[in-house]
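In what follows, every chain begins at residue 1, and chains take the letters A, B, ... in the order their sequences are listed. Values in this document were obtained by computation on a predicted structure and should not be read as measured data.
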Amino acid sequence: MAARKPRMNRLARTLQSSIGSKFLMSVTGILLLLFVIAHMLGNLQVFAGPDQLNAYAAKLQSLGPLLWVVRLGLLAIFVVHIGAAIRVTNSNRAARPVAYVYPGSVQSTFAGRTMMMSGLIVLAFLIYHVLHFTVGTTNPDHFHLVDETGRHDVYSMVVMGFSQWPIALVYVVANILVGVHISHGASSAFQTLGVTHPRLAFLKQGFGPGIATLIVVGNLSMPLACLFGLVQLPA
Amino acid sequence: MELTLHVWRQDGPDSPGRMEIYKADDVSSDMSFLEMLDVVNERLLEEGKEPIAFDHDCREGICGTCSLMINGVAHGPEEGTTVCQLHMRKFKDGDSIYIEPWRARAFPILRDLVVDRGAFDRIIEAGGYVSVATGNAPDANTIPVNRDESEMAMDAAACIGCGACVASCPNGSAMLFVAAKVAHLGHLPQGQPERQKRVLAMVEQMDKEGFGYCTNHYECEAVCPKEIPRKFIAEMNRDYLKAGMAAE
Ligand code: HEM
Ligand code: FES
């Protein structure tokens, strides 16, 4: 044990440094990105009809303890991501205490400069989203539904939720912000991780905006399709 | 041409500063930006006023002393150029020009447009060197250097340590400077023995000085008078993480 101690100290010091904080943020950010992609692909099954989506939902529920492992893992990832984000943002505010009278920027992007803002709004949305579709507190009217085979009727819950324009609007706006966050974050993460091979240069450039666009299109398609009646309740 | 200058004036490190307005008439488009300020200062002296303090030395774009934020851009509107090499033909008659000092907690203002960049020196002292035996100089070419690596080292070594990267970074981060200094030694065989120690020590000093954390806006790269590329920052991230996670 004693022999391992200096190494642990050094690791702790590394992770608390400027580059270490950014490392934690990039690793957790990429894990969150993978989750967002998997979550979207799963949900797109709403376009395959009630049977498909409800079966998928029942399968996830049947994972039991494993489902809780994933949920707690996600929670831990969020805690690290947000903790590192607060640390980075605070250090950066302190490092530039006086603003320029004449503000200027040459190549920074709106998305990059507003990461904390987009992140916090996404966080607020995520809390609402879990209360809406996972816990069922905000709309018990369309949460407690059961289909003819006795499964939780996730399909009807989603369609009834998104048919109300204020709810659809919240999802549309929030997912655009998720996209804005990812458009900077996904490319930034690979720079933080030290990717330098010329063949991987795309990861640091077009990848972020590209994957963000796919996620926004996929995630907006669901509320919009329900709102405009392209996806309807089972007859 | 005639210009209106808005210049940051501050009597000392702890005095409050303010923007003051000066008219500069009779500016020739062939003047350099610093010559234009010299002319303004001559007139201030004739009027018995304090001239505007600003840093300069070589005026050839090689020493890294000059340091002005011009209309929100470090070293002004011309890419890859120090402000001493910027000419007034880049401006138009009647322009208003805002001139401010580098702004960062780690670069305290000494007077007017002059800031203390001692933090950079302390980062270099922490690890920006190679240890060599004293005595006779070694024969040239005793250590073969790979050509691509030597080119990379030269690209990084172009950094003149002016601090424009810090000034332009919304986070007041010194990553481009430190990355260039880490890379120009890290790409050479002579820099290998101390490579891990170097990056750990320099980053630790950088954090201690109160510079911000890089969030990949790349403003530094855009204003760097020596056009040091962001790639060196990625390299330093990797070097640092590797060294920090390796066994002692
Ligand atoms: C859908 C969930 C989220 C995903 C997929 C995500 C993804 C990412 C990624 C990939 C990065 C880049 C890391 C890097 O530059 O090394 C990042 C950075 C960041 N995230 Fe998130 N994030 C999410 C949620 C949040 C939340 C809830 C917050 C805030 C409370 C937040 C705040 C930040 C901040 C401040 C940064 C740093 C920005 C920068 O370095 O410029 N994120 N995020
Ligand atoms: S005065 Fe030396 S680089 Fe400008």
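More than 12 heavy-atom neighbours from other residues, nucleotides or ligands sit within 6.0 angstrom of CE on B:Met19. Within a 6.0 Å radius of CZ in A:Arg199, other residues, nucleotides and ligands contribute 12 heavy atoms or fewer. Within a 6.0 Å radius of CZ in A:Arg87, other residues, nucleotides and ligands contribute more than 12 heavy atoms. Heavy atoms of other residues, nucleotides or ligands lying less than 6.0 angstrom from CZ of A:Phe47 number more than 12.
When B:Lys242, B:Glu235, B:Arg238 are compared by the number of non-hydrogen pairs under 4.5 Å with chain A, B:Arg238 comes out ahead. No other option in B:Met206, B:Arg230, B:Glu204, B:Met236 has as many heavy-atom pairs under 4.5 Å with chain A as B:Arg230. The most heavy-atom pairs under 4.5 Å with chain B, out of A:Gly20, A:Pro103, A:Ser187, A:Gly112, come from A:Gly112. Among A:Ala201, A:Ala94, A:Ala99, the residue with the largest count of heavy-atom pairs under 4.5 Å with chain B is A:Ala94.
The distance from the OH atom of A:Tyr100 to the CH2 atom of B:Trp8 is 11.5 Å, given to the nearest 0.5 Å. Taking CD of A:Gln191 as the start and CG of B:Asn237 as the end, the distance is 6.5 Å to the nearest 0.5 Å. Here the OH-OG distance, from B:Tyr218 to A:Ser105, works out to 14.5 Å after rounding to the nearest 0.5 Å. Expressed to the nearest 0.5 Å, how far CE of B:Met245 lies from CZ of A:Arg10 amounts to 11.0 Å.
The side-chain heavy atoms of A:Arg13 and B:Leu200, taken from C-beta on, include no pair separated by under 4.5 Å.
Interface residue A:Ser21: only side-chain heavy atoms are found under 4.5 Å from chain B. Only the side chain of B:Val223 comes within contact range of chain A, with at least one heavy atom under 4.5 Å from a heavy atom of that chain. For B:Phe211, the part sitting under 4.5 Å from any heavy atom of chain A is the backbone (N, CA, C, O) and nothing else. With a threshold of 4.5 angstrom between heavy atoms, A:Val195 approaches chain B through N, CA, C or O but not through any side-chain atom. Residue B:Glu100 touches chain A through its side chain alone, counting heavy-atom pairs closer than 4.5 Å.
Taking each heavy atom of A:Lys22 and B:Thr215 in turn, the nearest pair found is NZ-CA, 3.6 Å. Taking all atoms of both residues into account, the shortest heavy-atom contact from B:Ala234 to A:Thr196 is CB-CG2, 3.8 Å. B:Tyr213 and A:Ser18 get closest at one heavy-atom pair: CD1-CB, 3.2 Å.
Residues of residues 103-121 of chain B lying within less than 4.5 angstrom of chain A, judged on heavy atoms, are B:Arg103, B:Ala104, B:Arg105 in numerical order. Contact residues of residues 71-87 of chain B toward chain A are B:Asn71, B:Gly72, B:Val73 (heavy-atom distance under 4.5 Å).
Between the side chain of A:Arg113 and the main chain of B:His217, no donor-acceptor pair closer than 3.5 Å is present. Remark: side-chain polar atoms of B:His6 are not paired, donor with acceptor, to backbone N or O of A:Tyr102 under 3.5 angstrom. Looking at A:Asn92, its side chain never comes within 3.5 Å of a backbone N or O of B:Gly212 through a donor-acceptor pair.
For the residue pair B:Tyr240 / A:Ser17, a side-chain donor-acceptor distance below 3.5 Å is found, with atom types taken as modelled. Side-chain polar atoms of A:Ser108 and B:Glu219 form a donor-acceptor pair below 3.5 angstrom. A side-chain N or O of B:Asn216 and one of A:Thr192 form a donor-acceptor pair less than 3.5 Å apart.
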Assess the residue pair A:Ile19 and B:Met175 against the criterion (side chain to side chain contact (heavy atoms under 4.5 Å, CB included)); give the C-alpha distance rounded to whole Å, side-chain angles, the decisive distance to 0.1 Å, and a yes or no. CA-CA 10 Å; A:Ile19 296 178; B:Met175 290 283 278; 3.9 Å; yes
